[in-house]
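Values below: every heavy atom of this structure, side chains too, minus hydrogens, waters and symmetry copies. We count residues from 1, following the sequence as given. Please read these numbers as outputs of a predicted model, since none were measured by experiment.
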Amino acid sequence: MKDRICPLDGKPCEKDWPDRFHDTPDGGCQLTLVQDMGGKLLFVDGQEVIMLL
């Protein structure tokens with residue numbers, strides 16, 4: 001199974017990312033979960049992310 005792609009940098013999710021889900025083999029985090037649910041991510045100043053459901 002392929003790793004999830006991070007919406008922040010477009011690369012596979014880092015294995016040691018603190019927010020990574022550990023109970024799924026492909027990783028992911030709250031950001032990928034929001035995308036899976038059809039939500040939108042708004043990136044502000046490169047440091048803050050707002051999740052719109």
Side-chain angles (χ1 to χ4, degrees):
M1 180 174 272
K2 289 186 169 187
D3 283 341
R4 301 296 309 266
I5 300 299
C6 177
L8 295 176
D9 62 7
K11 298 178 182 176
C13 291
E14 297 287 336
K15 302 280 187 218
D16 60 348
W17 186 253
D19 294 331
R20 181 181 170 110
F21 294 144
H22 298 286
D23 57 348
T24 59
D26 62 347
C29 64
Q30 288 183 353
L31 298 178
T32 57
L33 180 63
V34 167
Q35 286 185 319
D36 289 347
M37 294 172 52
K40 303 291 182 201
L41 299 172
L42 178 63
F43 299 98
V44 181
D45 296 333
Q47 295 180 358
E48 186 175 356
V49 178
I50 298 172
M51 297 179 229
L52 306 170
L53 296 175

| task | Kindly give the cluster partners of Leu52, where membership spreads through any ILVMFWY side chain lying under 4.5 Å from a current member. | result | Leu42, Val44, Ile50
| task | Give every residue pair that meets the salt bridge (charged side-chain N to carboxylate O under 4.0 Å, His left out) criterion with at least one member in residues 42-53, sequence neighbours excluded. | result | none
| said: Could you work out, with side-chain contact (heavy atoms from CB on, under 4.5 Å) as the rule, every residue matching Asp9, not counting sequence neighbours? | reply: Cys6, Lys11
Which side-chain N or O atoms in residues 28-41 pair as donor and acceptor under 3.5 Å with protein atoms at least two apart or in another chain?
unit_1	atom_1	unit_2	atom_2	d
Thr32	OG1	Cys29	N	2.8
Thr32	OG1	Cys29	O	2.9
Asp36	OD1	Arg4	NH2	2.9
Asp36	OD2	Arg4	NH1	2.9
Asp36	OD2	Arg4	NH2	3.4

| note | For Trp17, the hydrophobic cluster (side chain heavy atoms closer than 4.5 Å, chained through members) also holds none
| said: With rounding to the nearest 0.5 angstrom, report the CZ to CD distance, Arg20 to Glu14. | reply: 9.0 Å
| query | Do Phe43 and Leu8 have side-chain heavy atoms sitting under 4.5 Å apart? | reply | yes
